[in-house]
Structure formats: C-alpha cells, structure tokens
Amino acid sequence: MSLYTGARRVVEKEESIYNLVPRQVRKADKPPRYMSTFRPQVKEEVRVRQIPRKTMGPATVPAPSSQDFLRKHSKEYRKEELAASKKASESTVLRSYGSTTTKGTTKVAVPRHTERPAMGVRTTKDFIRDNAVKAITAIPGKPEEKIVDMPSGAGQLLTAARTDAGLRPKFVNKKDYGKTPHYIQERRQAEEAAQEEFDTFIREQKEAGDINNVKEREREEVLDGLKKHWEDLHKQYLGLSVVIDTLPKKIRKERIESQMKQLEHDIQTMERHQSIFIMPTAGRTM
C-alpha cells in the first residue's frame with residue numbers, strides 16, 4: 001500500500017462539516033423485467049401438447065372407501081391355507097425322489113450312493129464331421145420382412161394383412177411392368193435413324209465415286225506402322241534424363257509425350273473401326 005493511499009484513508013476518517021448533514025442515498029432504478037412477446041404463444045403450445053395420464057397415471061385418484069378399512073388378522077394366513085401349502089411342498093419333494101406324480105407317470109429316481117456309473121463306454125460318432133455336414137446342408141434362415149415407419153428406426157413386421165393393405169410394393173401390378181421405358185425406345189429410334197442416314201450417305205458417295213473403302217490389308221499395314229512408331233517414341237522416352245533441370249530437356253519430354261498420346265488415339269481409332277472410307281476430293285478419312 002502506497003503512502004498516498006494511507007493518507008487518503010486517514011483524511012476520510014476525520015470529522016468534516018460536510019458529513020454532519022445526512023445525505024439521502026438514491027437507489028439505482030432497475031430496468032423492467034424482460035418479458036418475451038411470444039410467451040402467451042409458448043404457453044398455449046405447451047398446454048396443447050400436454051397429454052394427461054401419460055406416465056404418472058390418472059390425474060385424480062379416487063379416495064378409499066370408509067367401509068374398506070384394515071381389519072384385525074386380515075393379513076395372516078389361515079390354518080387351512082397353511083396346511084394345504086405344506087402338503088403341496090411335501091408332495092413336490094417326494095416326486096423328486098421317484099414317487100408317482102399326480103398325472104400317474106413315474107420319474108426316474110435319483111441314483112444312490114452305492115451305484116456306480118458305466119465306465120469305459122465309447123462312441124464311434126464323429127462329431128466334427130457331423131457338425132460340418134449339418135452346417136453345409138443347413139438351409140439358411142430368411143430374415144423377417146419389416147417396414148420402418150419411424151425416424152428412430154422402429155418398424156413392424158409385414159404380415160399378409162399389411163401386405164394386402166399396400167405397405168409392400170408389388171411391381172407386377174404396375175401398368176408399365178415388363179415394358180421398355182419410353183426414353184430407351186426414343187434413344188433406340190434416334191440411333192437407328194442416325195445409322196440409316198449414315199448408310200444412305202455412304203451409299204450415295206460410293207455410287208458417285210467420291211469415296212473409297214480402305215482394304216483390310218492396307219488397314220493392318222497402317223496399324224502396324226503406328227504401333228512401331230509408338231514403340232520408337234517410347235524407347236526415346238525411357239532414355240530421357242531422370243532430372244529435368246533445363247528448358248531443352250523439358251521441351252523434348254513434352255514433345256515426345258504429346259506425340260505418344262496422339263499415336264495412342266490414332267491406334268484406338270483404327271482398331272475400333274473396321275470400315276474406313278477415304279474421300280479423295282476432301283482429303284479426309286471417315
């Protein structure tokens with residue numbers, strides 16, 4: 001604590017003429033309590049959603065009758081009831097030791113302490129093989145059909161009544177079941193029309209003598225030449241430097257890659273199309 005703070009506290013404790021007149025302490029005005037404008041609406045929604053007797057039973061419980069009060073010895077067993085329960089317990093114990101039951105059948109008696117079980121009995125059954133055969137020949141069970149109708153995932157079994165009610169979709173009852181969709185039919189018709197138009201154009205060009213068909217031998221020769229050229233470029237590409245640190249190396253690598261890509265495209269085109277037509281006047285291949 002500094003000296004200035006201590007001196008100030010001493011001055012405040014001394015008497016002063018200004019402290020003789022009592023001062024009225026003014027209380028700070030508190031702002032009004034916040035009330036939401038949606039409070040009546042929320043209270044009404046809560047009241048509507050409330051369900052009586054949902055988890056706590058009925059809202060009002062009837063008061064007990066004044067005539068139905070607890071009487072003396074009303075909770076004690078009677079002698080007849082005690083005797084009947086004792087007799088029933090004794091008969092149960094006797095039946096467990098081989099006595100005759102109420103239905104007339106005799107249970108197997110408990111072995112005595114002098115009896116000895118049969119020892120050395122072996123079986124020729126191969127349990128491993130039998131279990132394997134059962135597992136192989138067993139028919140797998142089918143899962144139960146259910147329908148999920150709740151966001152939480154809870155569902156219900158699909159019975160015959162629910163199936164007939166429409167909960168299980170039956171596609172065989174649809175009007176267009178087993179029919180080709182319209183968009184597939186339209187696509188097929190468009191393809192057939194385009195192919196027919198192309199065939200007509202080729203036939204007209206052949207009749208006019210403006211188109212020539214490439215023979216199979218010439219097509220194979222061109223295809224072999226393209227593949228050989230691609231192999232030569234691939235050999236050059238494998239001989240490039242691992243580190244491309246100069247501009248000429250980079251340009252050469254990009255040039256070889258572009259040539260190989262173009263050759264791959266041409267080879268795929270030649271292999272995919274068996275019939276190739278050449279138009280001498282236009283100088284292009286179809």
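Only this structure's heavy atoms are used, side chains among them; waters, hydrogens and symmetry mates stay out.
Residue pairs that meet the side chain to side chain donor-acceptor pair (under 3.5 Å) test with at least one member in residues 27-38, sequence neighbours left out, do not exist here. Sorted pairs that involve residues 115-128 and meet side chain to side chain donor-acceptor pair (under 3.5 Å), not counting sequence neighbours, are lacking altogether. For residues 227-239, the pairs satisfying side chain to side chain donor-acceptor pair (under 3.5 Å) are K227-E271, W230-E264, Y237-E257, with sequence neighbours left out.
Residue L238 places its CG atom among more than 12 non-hydrogen atoms of other residues, nucleotides or ligands, all under 6.0 Å distant. Crowding of R219 atom CZ: a count of heavy atoms from other residues, nucleotides or ligands under 6.0 Å exceeding 12. Around CZ of R188, the count of heavy atoms belonging to other residues, nucleotides or ligands within 6.0 Å does not exceed 12.
Connectivity analysis of hydrophobic side chains (ILVMFWY, heavy atoms under 4.5 Å, direct or indirect) links I139 to nothing; its cluster partners are none. Annotation for I251: hydrophobic cluster partners, listed by chain and number, are L247 (ILVMFWY side-chain heavy atoms under 4.5 Å, direct or chained). Members clustered with Y183: I184, by chain and number, using a 4.5 Å side-chain heavy-atom cutoff among hydrophobic residues.
Checked against side chain to side chain contact (heavy atoms under 4.5 Å, CB included), E218 has the following partners two or more places apart in sequence or in another chain: V214, K215. Judged as a side chain to side chain contact (heavy atoms under 4.5 Å, CB included), and not counting sequence neighbours, the contacts of Q268 are R272. With sequence neighbours left out, the side chain to side chain contact (heavy atoms under 4.5 Å, CB included) criterion links S152 to M150, A154. Every residue two or more places apart in sequence or in another chain that forms a side chain to side chain contact (heavy atoms under 4.5 Å, CB included) with H182 is listed here: Q185. The side-chain hydrogen bond (donor to acceptor under 3.5 Å, both in side chains) check on E220 picks up nothing, with sequence neighbours excluded. Checked against side-chain hydrogen bond (donor to acceptor under 3.5 Å, both in side chains), D199 has the following partners two or more places apart in sequence or in another chain: Q195.
K250 has its side chain out of reach of K253: every pair of non-hydrogen atoms, C-beta onward, lies at least 4.5 Å apart. E44 places none of its side-chain heavy atoms less than 4.5 Å from the side chain of Q41. Looking at F69 and R71, their side chains come closer than 4.5 Å, going by heavy atoms from C-beta outward.
The NZ atom of K249 sits 4.5 Å away from the OG1 atom of T246 when rounded to the nearest 0.5 Å.
In plain terms, the two heavy atoms of T200 and E196 that are nearest each other are OG1-O, 2.8 Å. What you find for L263 and L226 is that their closest heavy atoms are CD2-CD2, 3.8 Å.
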So E221 and R217, salt bridge (charged side-chain N to carboxylate O under 4.0 Å, His left out) or not? Walk me through it. CA-CA 6 Å; E221 291 178 357; R217 182 176 57 81; 3.1 Å; yes

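Hydrophobic clustering, with ILVMFWY side chains joined whenever heavy atoms are under 4.5 angstrom apart, keeps M260 apart from I244.
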